Amino acid sequence: MNLREVRNEAPLTSFLFSKASGMLVPLSGTFELSPVCNFSCRMCYVRKTAAEVKASARPQMTMAQWLRIAQEARKQGMLYLLLTGGEPFLWPDFWPLYEQLCRMGFLISINTNGSLIDEAAIERLKKNPPVRVNITLYGASDETYEALCRAKGAFAKVDRAIAGLKQAGVQVKLNCSLTPHNAHDLAAMVRYAEERGLILETNTYMFPPVRRDPDSVGQNDRFTPQEAVRCNLERYRLQYGEDVYLKFLKDVQRGAVPPPGLDESCIDPLDGKVRCRAGKASFWITWDGWMTPCGMMPEPKLDLANRPFAEAWRELTQCSARLVLSGTCVQCPNQSLCHSCAAMAMAETGTTEGMPVYLCRMVEALREEADRRLKDDQDVCGE
Ligand code: SF4
Ligand code: SF4
């Protein structure tokens, strides 16, 4: 399998998004149905317990509210819909809502940890197939899942779900969040995906969980920037093979590649403005009814629980257009190697205008590692 497909979007989709961004049409939405999860991953940006949700100042959105928003968003142009959590299958009205949303004609994807997808769920998904089920793979053994997700026997359940979904013809993609707690399983996870013919998208950059804990700006249970880069280069080598990997390192030396492991749909801040789709063609709605440009950003946020979608979307596009990025990033000669964005700047520094030093260190480490490994390669080859 050519793993470069991992990040390539269908040309029609890219075309639709570029049109939608220009016209400020909300083509893509994310419904974060619930922050509750049966896992408790160490680096999670959203998870809450059921008791925390109950004690929250704002209630969870109801099925009627989600359906009202879906209807209004469809009138404004929403076509792509991602259902996420927490763990979306834990949201009590997941199935009736999902089946209604399917009938409304959206192209639906589901983000899940996969552990709750049993035979009954597979049957229902088979009847109303989503465009894709994105399963986050956290390791290649029950032990690794226990270390990172603090969930027992989880890998076996996820493995069964993946096999069942594949057998039922439901499209599956694997996402992997690499951290110090599961990095030792990297080669096994790459092999797992390859043996099953599945795309595996791997990230080593973990956002500080500022939505869950406002005091966590710039911090998470994650790699140092240098470790994040080393791990990412290793997964690049494993997934793409030695030749492509060496070419990639040479491109890094020339300063002419996007960095691996960050979201490719987020584009460099060339002019100090947010250039990704957030707040131009896409939006995120939190479990308690706030509309934001991106799920990683606590601000700007607009109360959608009791407000027409069209009005909130208009205001969101205006707020998003006003977001400004760090002047240092705008002038930075490393932009073609760095994917810092407004959400990262906010999570790393507390404001979109701050300079996300963690990202700067990743770029420095990427250059250093490329130099070092190419030199080692030359020494071995006797060049
Ligand atoms: S599975 Fe996802 S939502 Fe659940 S705790 Fe882990 S990272 Fe958070
Ligand atoms: S985060 Fe650092 S390396 Fe990246 S663009 Fe900003 S200043 Fe440059």
Side-chain angles (χ1 to χ4, degrees), residues 30 32-50 52-53 83-91 110-117 134-139 144-151 154-155 157-158 161 174-179 181-182 203 205-207 209 211-213 218 220-222 225 229 252 255 258-259 262 266-272 275 286-287 295-296 324-349 352-368:
T30 299
E32 179 189 277
L33 298 178
S34 166
V36 177
C37 189
N38 56 329
F39 288 6
S40 179
C41 300
R42 293 173 188 274
M43 70 303 171
C44 181
Y45 68 94
V46 66
R47 182 186 186 270
K48 286 188 186 299
T49 62
E52 284 168 332
V53 169
L83 301 178
T84 189
E87 175 46 53
F89 288 104
L90 274 178
W91 191 62
I110 304 169
N111 277 1
T112 169
N113 65 37
S115 66
L116 301 172
I117 301 180
N134 303 313
I135 294 184
T136 311
L137 190 67
Y138 290 107
T144 305
Y145 267 75
E146 197 164 341
L148 178 62
C149 312
R150 296 176 275 208
F155 174 69
K157 289 181 198 158
V158 174
L174 302 178
N175 292 325
C176 173
S177 303
L178 267 188
T179 75
H181 305 283
N182 62 348
N203 269 306
Y205 172 75
M206 297 295 122
F207 278 86
R211 277 188 50 199
R212 195 158 53 92
D213 172 11
N220 200 345
D221 191 347
R222 61 180 177 179
V229 164
V252 169
L262 299 176
C266 298
I267 303 167
D268 298 323
L270 297 176
D271 61 358
R275 298 188 31 117
T286 65
W287 60 273
M296 302 298 147
V324 177
L325 301 159
S326 153
T328 312
C329 290
V330 176
Q331 306 286 329
C332 178
N334 284 327
Q335 275 182 13
S336 60
L337 288 174
C338 179
H339 269 207
S340 66
C341 70
M344 288 175 188
M346 193 174 265
E348 297 292 342
T349 72
T352 61
E353 294 173 53
M355 192 174 87
V357 174
Y358 185 97
L359 274 294
C360 303
R361 297 288 101 86
M362 278 183 77
V363 172
E364 284 164 19
L366 184 63
R367 283 190 182 282
E368 282 165 19

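Atoms within each ligand, like the ligands themselves, are counted from 1 in listed order. Quick caveat, the model's predicted, so the values are computed rather than measured.
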Exercise. For the residue pair Met344 and Pro356, what are the closest heavy atoms and their distance?
Worked result: O-CB, 4.4 Å

Seminar exercise, completed: Taking every heavy atom of Thr352 against every heavy atom of Ala345, the minimum-distance pair comes out as O-CB, 3.4 Å

Exercise. Below 4.0 angstrom, N of the basic side chain to O of the carboxylate: do Arg222 and Glu348 qualify?
Worked result: yes

For this session: State whether Glu364 and Arg361 are salt-bridged, where the test is any N-O pair (Lys NZ or Arg NE/NH1/NH2 against Asp/Glu carboxylate O) under 4.0 Å.
Result: yes

Exercise. Considering only heavy atoms, does Tyr45 approach ligand 1 within less than 4.0 Å through its side chain, its backbone, both, or neither?
Worked result: neither

Exercise. Counting backbone and side-chain atoms alike, does Cys37 have an N/O/S atom under 2.8 Å from atom 4 (Fe) of ligand 1?
Worked result: yes

Problem set entry | Distance, nearest 0.5 Å, that separates SG of Cys338 from CG of Leu366 | 10.0 Å

Exercise. To the nearest 0.5 Å, how far apart are CG in Leu137 and CG in Leu178?
Worked result: 9.5 Å

State the atoms of ligand 1, each with its element, that fall below the 4.0 Å cut-off from a heavy-atom position in [X].
{"X": "Arg47", "answer": "5 (S)"}
{"X": "Asn113", "answer": "1 (S)"}
{"X": "Cys41", "answer": "1 (S), 5 (S), 6 (Fe), 7 (S)"}
{"X": "Gly86", "answer": "3 (S)"}

Exercise. Which protein heavy atom lies closest to atom 1 (S) of ligand 1, and at what distance to 0.1 Å?
Worked result: Tyr138 OH, 3.4 Å

Atoms of ligand 2, numbered as shown, that sit under 4.0 Å from any heavy atom of [X]:
{"X": "Pro356", "answer": "1 (S)"}
{"X": "Cys338", "answer": "1 (S), 3 (S), 4 (Fe), 5 (S)"}
{"X": "Ser340", "answer": "1 (S), 4 (Fe), 5 (S), 6 (Fe)"}
{"X": "Cys360", "answer": "1 (S), 2 (Fe), 3 (S), 7 (S)"}

Exercise. With a 4.0 Å cut-off on heavy atoms, is Glu87 touching ligand 1?
Worked result: no

